[in-house]
Amino acid sequence: MDKNAPTYNQSIEFAAELFTKALHEALRKIHKKMNFEINHEEYIILETILLNPGIIQIDIAKKIIMKRSYVCKFLSSMEERGLIKRKNAIRGERQVIIQNFITKKGEKAYKKVRDHFIETFEGADYENEREILKTTTNTLFDMAARIKKEFDLKF
């Protein structure tokens with residue numbers, strides 16, 4: 001074994017996973033501390049529905065890279081709480097799909113969280129970090145697109 005070769009916990013894969021986990025956990029704590037009506041995953045789902053009215057469950061799952069069954073549990077809970085409404089639609093002759101729409105209550109909950117994060121991060125002195133994060137984010141998106149294309153990945 002080459003002693004100069006990076007180990008897994010020194011790899012970009014590990015760094016990306018660690019960053020993602022740290023960010024998600026921090027966001028979950030902020031949601032809990034602020035006692036928002038919705039959690040972080042629900043916020044992401046509400047935003048996806050807000051930007052894509054009538055979107056179906058499988059397309060939500062694809063857009064946010066979450067298992068379809070996991071999205072289903074969130075959608076059911078969100079519907080029960082009046083954050084979204086769901087409507088049956090027909091695709092083809094027999095296939096029934098369920099479209100998802102955000103309600104006024106859901107939009108209000110979404111905006112409360114969004115506004116809090118905008119106020120928190122826009123008000124802080126993160127100018128240098130913002131540029132670095134923007135560049136890093138764009139680089140990661142580009143790399144992900146190339147990897148998806150090279151390996152013919154379908155997510």
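- Once rounded to the nearest 0.5 Å, the distance linking OG1 of Thr7 with CG of Asn9 reads 3.5 Å.
- With values rounded to the nearest 0.5 angstrom, Ile84 atom CD1 is found 12.0 Å from Gln99 atom CD.
- Phe117 and Ile102 fall within the same hydrophobic cluster, where Ile, Leu, Val, Met, Phe, Trp and Tyr residues are linked whenever their side-chain heavy atoms come under 4.5 Å apart, directly or through other members.
- Using a 30° and 60° split on the angle between ring planes, Tyr43 and His40 fall in the parallel class, below 30°.
- Put simply, CD1 on Ile30 and NE2 on His116 are 6.0 Å apart, with the number rounded to the nearest 0.5 Å.
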message: One pair to check against side-chain contact (heavy atoms from CB on, under 4.5 Å): Lys32 and Lys29. What are the steps and the verdict?
response: CA-CA 5 Å; Lys32 189 173 184 175; Lys29 283 188 175 221; 5.7 Å; no
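- For the side chain to side chain contact (heavy atoms under 4.5 Å, CB included) test with Ile49, the passing option among Ile60, Leu83, Thr103 is Ile60; the others fail.
- For the salt bridge (charged side-chain N to carboxylate O under 4.0 Å, His left out) with Glu37, the qualifying choice from Lys111, Lys105, Lys108 is Lys105, the only one to do so.
- Side-chain contact between Val113 and Leu46 is absent, with no heavy-atom pair separated by less than 4.5 Å.
- The side chain to side chain contact (heavy atoms under 4.5 Å, CB included) test with Thr48 singles out one residue from Ile55, Asp59, Val71, and that residue is Ile55.
- Counting only N and O atoms by type, the side chains of Ser76 and Glu79 include no donor and acceptor under 3.5 Å apart.
- The number of heavy atoms from other shown groups lying within 6.0 Å of CG (Leu51) is above 12.
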message: Between Glu17 and Glu13, is the side-chain contact (heavy atoms from CB on, under 4.5 Å) condition met? List the steps.
response: CA-CA 6 Å; Glu17 288 175 4; Glu13 177 186 4; 3.5 Å; yes
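- No path of Ile, Leu, Val, Met, Phe, Trp and Tyr side chains, each step under 4.5 Å between heavy atoms, connects Ile98 with Phe74, placing them in separate hydrophobic clusters.
- From Ile38, atom CD1 reaches atom NZ of Lys112 across 9.5 Å, with rounding to the nearest 0.5 Å.
- Phe101 and Tyr110 fall into different hydrophobic clusters, where Ile, Leu, Val, Met, Phe, Trp and Tyr side chains are chained together by heavy-atom contacts under 4.5 Å.
- The aromatic rings of Tyr8 and Phe14 stand perpendicular to each other, their planes meeting at an angle above 60°, with 30° marking the opposite boundary.
- Counting heavy atoms from C-beta outward, Glu47 and Lys63 have side chains that stay 4.5 Å or more apart.
- Using a 4.5 Å cut-off on side-chain heavy atoms (C-beta onward), Arg28 and His24 make contact.
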- prompt: Would Glu41 and Lys73 count as a salt bridge (Lys or Arg N to Asp or Glu O under 4.0 Å) if you check the C-alpha gap in whole Å, the side-chain angles of each, and the deciding distance to 0.1 Å?
  reply: CA-CA 11 Å; Glu41 289 81 4; Lys73 287 185 351 183; over 6 Å; no
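- To the nearest 0.5 Å, atom CD1 of residue Ile45 and atom CD of residue Glu42 are 7.0 Å apart.
- In this structure, CG in Leu23 is found 11.0 Å from CG in Leu18, a value given to the nearest 0.5 Å.
- Hydrophobic clustering of Ile, Leu, Val, Met, Phe, Trp and Tyr side chains at less than 4.5 Å, counting indirect connections, unites Ile64 with Tyr70.
- Taking the six-membered ring where tryptophan is involved, the planes of His31 and Phe36 are perpendicular, since the angle between them exceeds 60° and thus also 30°.
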